[in-house]
J.: 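My structure is below; once you've seen it, I'll send some questions.
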Amino acid sequence: MSVAIPSRQLPGAQLPASPAALHLQPLARWREITGALLAPQASISPKYFYDQRGSELFEAITRLPEYYLTRTERALMRRHGGAIAEAVGTGRVVIEPGAGSCVKAQALCRRLRATHFVGVDISADYLRGAIERLRMALPGVDARAVAGDITAGLQLPPDIPRQRRLVFYPGSSIGNFDPLQALALLVQMRALALEGGALLIGIDLPKDRAMLEAAYDDAAGVTAAFNRNVLVHLNRLIGSDFDPRQWQHLALFNQAASRIEMHLQARAAQRVRWTGGGRDFAAGERIHTENSYKHPLPAFTALLRQAGFASVQSWTDARGWYAVVHARA
Ligand code: AVJ
């Protein structure tokens with residue numbers, strides 16, 4: 001096996017000591033992470049937020065007074081539960097990519113009297129426990145855990161029915177993808193739903209800058225801790241020596257792109273090393289860690305149609321903050 005050494009490798013950087021260490025540090029992931037860190041505009045994919053601590057911090061974010069998304073979506077699903085169930089239809093095979101705790105899916109499956117539930121997540125261990133709890137709560141539902149990544153072309157077990165599928169993608173997670181990636185993901189979901197299937201998806205809508213920036217930079221500093229924690233996670237994944245205290249959390253609304261951007265800004269000039277390389281950062285230099293797009297509803301509807309969905313219905317709260325959208329394949 002050959003290891004590509006980035007051209008900006010620092011003197012004294014160490015390669016993994018043994019094949020065993022290489023195995024613990026999968027090469028493809030190392031390449032992806034270090035490649036992004038070495039780009040002129042350094043970045044870290046938001047998927048690396050969610051280690052154990054990061055998942056706990058995200059749970060805490062969803063309870064913050066400033067973070068309106070989760071509670072607005074939950075209120076919408078409750079308030080319009082009857083209409084949503086009527087539109088979607090009962091007896092569905094619910095499939096949730098990135099299912100996590102399956103709490104939202106449990107409420108939906110109950111409401112829809114779903115026959116099957118398929119939770120898909122990259123972290124299969126966590127998912128299995130969640131599926132176990134869903135089975136206890138809803139013994140009539142055939143619930144399965146599938147380890148996988150929908151962005152990487154997912155295979156479901158062959159005995160999952162092909163009829164009456166509903167892909168469920170709540171939480172405005174689609175916001176992490178730029179419009180082209182989001183379109184590709186919607187095409188994947190359309191393919192997963194099959195003919196006669198549908199999608200139920202939550203999206204956060206554009207709104208006042210101050211409200212958005214507060215939601216991503218809360219007074220208690222939970223989002224700042226969440227953002228910085230990605231460095232701690234990377235330290236484990238690529239053997240880096242990021243000092244999270246040296247990085248300031250930034251959340252800025254990019255009006256032109258209609259997205260919240262999170263960055264980590266170097267408080268001082270510093271050298272960061274990792275297994276097989278490293279980089280110097282100037283004071284004030286930023287690492288881009290997340291985009292969270294706020295699609296206007298008409299633009300998102302157009303995206304759904306481009307992805308091959310038809311007959312789009314949506315439910316919005318009175319303040320127009322958030323939408324739950326149903327689209328038939
Ligand atoms: C999980 C992607 C929907 O963008 O609002 C929360 C992640 N980042 N606070 C979002 C997040 C900072 C969240 N999503």
J.: With sequence neighbours excluded, give me every salt bridge (Lys or Arg N to Asp or Glu O under 4.0 Å) pair touching residues 32-41.
T.: Glu32-Lys47
J.: Determine whether the side chains of Arg259 and Asn291 contain a donor N or O and an acceptor N or O closer than 3.5 Å.
T.: yes
J.: For Phe281, check ring-ring contact (aromatic ring centres under 6.0 Å, His included) against everything at least two apart and list the hits.
T.: Trp247
J.: Could you tabulate the donor-acceptor pairs under 3.5 Å formed by side-chain atoms of residues 144-160, not counting sequence neighbours?
T.:
from   : atom 1 : to     : atom 2 : distance (Å)
Arg144 : NE     : Asp142 : OD1    : 2.8
Arg144 : NH1    : Asp159 : OD1    : 3.4
Arg144 : NH1    : Asp159 : OD2    : 3.4
Arg144 : NH2    : Asp142 : OD2    : 3.3
Arg144 : NH2    : Asp159 : OD2    : 2.8
Asp149 : OD1    : Thr151 : N      : 3.0
Asp149 : OD1    : Thr151 : OG1    : 2.6
Asp149 : OD2    : Thr151 : OG1    : 2.9

J.: Assess the side chains of Thr62 and Tyr67: does a donor N or O sit below 3.5 Å from an acceptor N or O?
T.: no
J.: Answer yes or no: is there an ion pair linking Asp241 with Arg271, defined by an N-O contact shorter than 4.0 Å?
T.: no
J.: For residues 74-81, which side-chain N or O atoms pair as donor and acceptor with protein atoms under 3.5 Å away, sequence neighbours left out?
T.:
none

J.: Using distance only, find each side-chain donor-acceptor pair of residues 196-205 under 3.5 Å and give its atom names and separation, not counting sequence neighbours.
T.:
from   : atom 1 : to     : atom 2 : distance (Å)
Asp204 : OD1    : Tyr68  : OH     : 3.3
Asp204 : OD1    : Lys207 : NZ     : 2.8
Asp204 : OD2    : Tyr68  : OH     : 2.6
Asp204 : OD2    : Lys294 : NZ     : 2.8

J.: When you check the gap from the basic side-chain N to the acidic O, do Asp243 and Arg245 get nearer than 4.0 Å?
T.: yes
J.: Could you walk me through whether Glu261 and Arg286 satisfy the salt bridge (charged side-chain N to carboxylate O under 4.0 Å, His left out) test, starting with their C-alpha distance in whole Å, then the side-chain angles of each, then the deciding distance to 0.1 Å, before giving a yes or no?
T.: CA-CA 11 Å; Glu261 296 180 5; Arg286 293 174 183 175; over 6 Å; no
J.: Decide yes or no on ring-ring contact (aromatic ring centres under 6.0 Å, His included) for Phe177 and Tyr293, but give the supporting numbers first.
T.: CA-CA 7 Å; Phe177 301 92; Tyr293 281 86; 9.6 Å; no
J.: Could you check whether Ser240 and Asn235, counting side-chain N and O atoms only, form a donor-acceptor pair closer than 3.5 Å?
T.: yes
J.: Would you call Arg279-Glu285 a salt bridge at under 4.0 Å N-O?
T.: yes
J.: State plainly whether one hydrophobic cluster holds both Leu37 and Leu264, where clusters connect Ile, Leu, Val, Met, Phe, Trp and Tyr through side-chain heavy atoms under 4.5 angstrom apart.
T.: yes
J.: Considering only residues two or more places apart or on different chains, which pairs with a residue in residues 90-104 satisfy side-chain hydrogen bond (donor to acceptor under 3.5 Å, both in side chains)?
T.: Glu73-Lys104
J.: Would you kindly say whether Asp217 and Thr223 are connected by a side-chain donor-acceptor distance under 3.5 Å?
T.: no
J.: Tell me yes or no: between the side chains of Glu290 and Asn176, is some donor less than 3.5 Å from an acceptor?
T.: yes
